[in-house]
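Labels below follow one simple rule: chain letters A, B, ... track the order of the sequence lines, proteins then strands, and each chain is numbered from 1.
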Amino acid sequence: MRAAPLIVGAGPAGIRAAMTLVAAGLRPVVVDEAPACGGQIYRQPLIPDGRTPAGRYGSEAAKAMRLHTEFAELRDRIDYRPGTLVWNLALGVAHLTRDGKSDSIAHDGLILATGAMDRVLPVPGWTLPGVFSLGGAQIALKAQGAAIGRRVVFLGSGPLLYLVAWQYLKAGVNVVAVLDTAPFTAKLRLAAGLLLDPRTLLLGLRYAAELRLAGVPIRFGVEKPEINGDGRVDSIGWAEAGRVGHLACDAVAFGLGLKPEAQLAELAGCAFVFSERDRVYVPLRDRAGRSSVSGVYVAGDGAGIMGADAAEAAGERAALALIEDRGLAFDAGRARQLESALKRLSRFRDVMAAAFPFPHDWRIADDTTLCRCEEITAGEARAAIAQFGIREINRLKAVSRIGMGRCQGRLCSGAAAELLAQETGQGIDAAGRLRGQAPVKPVPLSLMDRISEVAE
Amino acid sequence: MAVLHRLFRHDAPTISFTLDGALCEGRAGDTVLTAILMQMDSLRTSEFTGEARAGFCQMGACQDCWVTLESGERLRACSTPLAEGMRILTGVWR
Ligand SMILES: Cc1cc2nc3c(=O)[nH]c(=O)nc-3n(C[C@H](O)[C@H](O)[C@H](O)COP(=O)(O)OP(=O)(O)OC[C@H]3O[C@@H](n4cnc5c(N)ncnc54)[C@H](O)[C@@H]3O)c2cc1C
Ligand code: FES
């Protein structure tokens, strides 16, 4: 008998993939680090907190409830491992850890639906308590029912900027300002998205309008932000069209879009390609989600940022590919339907990327911390690049320790690549990508022996 | 002083824990990060410069929220539920 397929991640992509495999008569193993299903967008609280689904998930409540319910209904037909980290993948075996205990599972077919995290660039003061990523600010509110401060500034670019600011406003928190790093003219490009995904677009416009109506200042073209405070955020300054701005606040939520969580694809041996849209290397895949490695599929934001609706479609499409490749009957018509939906959503993502652009010319001041784990400044990185003639990011890591810390470069590798590109005058793709290493996240010391064993 | 403030779960059962020896109270459903930042300005001090840190991503990605228990065990505060009797230290993590 063939081993069961493995799905990593129980967000929209992983849930749809699991449902599709079960419908084909397979019994997948589903491993997810979170204690409950839903992924980032449909994340659940640890215990009920009195809020209705609409109170928690807003416009997306119906989708959240549907996915939670349908996944719960799979319970007896899958091997679900919540609260479990996949820390390594090697030779058809996944290494897991849960509550300090380790386990490994052999699998036949692997769907990576690992999602995304906030993309950031260093800002002076971004390590101060009270500064959180936009996603982090949302998790505090959505999953913990807490606000990151009483007077919160929202800084950066991307749809989450307006969404999370609006969610804080609705929760009764004082939203001091929305500081958008993109010029207002970028937003005019949204018009092109009206036919592709009118619902999402109109929701976004509504958030911005309601923020304005509530008197929240929205500034565009924000440059050189600087978060101030002594052991705690107390204000933020910035430049804007030749003027400077300054506001008192006790918290800042900051993000510049999202970046895929792709370490496991790397450990699985998948080839990567540079994505102009995401400004990062993503696993190479065909339209169905097949990676370059036979039997390994990638779906959802972990394979390139496309949003939650696309994640659902991609999860289902990848599962259909696995079913087909296993020689089982699969619905080719449904596969084509999903592919055309994904094509449309990808065009919508192009529009979003143009309307919420990444600030390409971000200048990181020399004394700003670039790598939070190893506490290396941008100036130290520049000095290393100049002294050793570094042109590639793994070399920069070896020389400067950037990306060598506990987060494995999740937070700083994007910034390090931007810096390398700026200093050497090459494109950011030429800076390369940090090689992934097991364990993908810190694991208990008791597992360290296992790790060296696996590495040998 | 506190970083976070609570908007929901005001009536959830309380959970007692200690922070650097001082007795504190959190609520059922809190992560360790939430429970600490409801009381304090930071979670820990950084390894090299000793600056105050309070986490960043709250989703288990940035690893900027590790704290230690008096037993020596280490926890990632944002992804660990608060449990009764935890004795948490916020000092330097090495
Ligand atoms: C913090 C945050 C908040 C967001 N909020 C919104 C929002 O409100 N609205 C919106 O439209 N979009 C939001 N997004 C974007 C949204 O995440 C995605 O569009 C959508 O969730 C993608 O679905 P997915 O299934 O690809 O991945 P996700 O939903 O991210 O699910 C991936 C799952 O994989 C798990 N995982 C990853 N690596 C491992 C591993 N090694 N071992 C075990 N499990 C692993 C994760 O824990 C997670 O549960 C948010 C993104 C982030 C990062
Ligand atoms: S706050 Fe980022 S890992 Fe906990």
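Side-chain contact check for A:Q144 and B:T34: at least one donor-acceptor pair (N or O, by modelled atom type) lies under 3.5 Å. Counting only N and O atoms by type, the side chains of A:Q138 and A:Q167 include a donor and acceptor under 3.5 Å apart. Residues A:T377 and A:D367 bring no donor and acceptor atom of their side chains to less than 3.5 Å of each other. Side-chain contact check for B:T49 and A:E375: at least one donor-acceptor pair (N or O, by modelled atom type) lies under 3.5 Å.
Most heavy-atom pairs under 4.5 Å with chain B: of the set A:A146, A:G405, A:P129, this distinction falls to A:P129. Counting heavy-atom pairs closer than 4.5 Å to chain A, the top-ranked of the candidates B:A2, B:G29, B:G55 is B:G29. Among B:H5, B:R9, B:R6, the residue with the largest count of heavy-atom pairs under 4.5 Å with chain A is B:H5. With chain A as the partner, the residue from B:L37, B:D41, B:L33 showing the most heavy-atom pairs under 4.5 Å is B:D41. When the candidates A:S133, A:C407, A:P35, A:G149 are compared by the number of heavy-atom contacts under 4.5 Å with chain B, A:S133 comes out ahead. Comparing A:I139, A:L141, A:T369, A:V233 by how many heavy-atom pairs each has under 4.5 Å with chain B, the most go to A:I139. Between chain A and the options B:A12, B:S42, B:G60, B:S79, the largest number of non-hydrogen pairs under 4.5 Å is found for B:G60. For the options B:L4, B:V3, B:D30, heavy-atom pairs under 4.5 Å to chain A are most numerous at B:V3. When the candidates A:R410, A:R232, A:R43 are compared by the number of heavy-atom contacts under 4.5 Å with chain B, A:R232 comes out ahead.
For chain B, no part of A:A251 is nearby; none of its heavy atoms comes within less than 4.5 Å. Heavy atoms closer than 4.5 Å to chain B are found in the side chain of A:V120, but not in its backbone. Neither the backbone nor the side chain of B:L43 comes within contact range of chain A; no heavy atoms are under 4.5 Å apart. With a 4.5 angstrom heavy-atom cutoff, A:E261 does not touch chain B via any of its atoms. Heavy-atom distances place the side chain of A:L411, and not its backbone, under 4.5 Å from chain B. Contacts between A:Q40 and chain B at a heavy-atom distance below 4.5 Å involve the side chain alone, from C-beta outward. Contacts between B:R27 and chain A at a heavy-atom distance below 4.5 Å are absent for every atom of the residue. In this structure, the portion of A:V173 lying under 4.5 Å from any heavy atom of chain B is its side chain and not its backbone. Only the side chain of A:R51 comes within contact range of chain B, with at least one heavy atom under 4.5 Å from a heavy atom of that chain.
Between B:E47 and B:R53 there is no salt bridge, since no side-chain N of the basic residue sits under 4.0 Å from a carboxylate O of the acidic one. The pair B:R44-B:D64 meets the salt-bridge criterion, with a side-chain N (NZ, NE, NH1 or NH2) lying under 4.0 Å from an Asp/Glu carboxylate O.
Rounded to the nearest 0.5 angstrom, B:C57 SG and B:Q63 CD are separated by 7.0 Å.
A pairwise comparison of heavy atoms in A:F132 and B:A54 identifies CE2-O, 3.3 Å as the closest pair.
Taking the ring centre of A:W126 as origin, the terminal cationic atom of A:R372 falls inside the region bounded by 6.0 Å and 45° from the ring axis.
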(request) Check the pair A:F154 / A:Y168 against ring-ring contact (aromatic ring centres under 6.0 Å, His included), numbers first and verdict last. (result) CA-CA 10 Å; A:F154 291 82; A:Y168 266 68; 5.4 Å; yes
(request) Would you sort out whether A:K441 and A:E33 count as a salt bridge (Lys or Arg N to Asp or Glu O under 4.0 Å), showing the intermediate values? (result) CA-CA 11 Å; A:K441 287 187 184 178; A:E33 212 190 342; 2.8 Å; yes
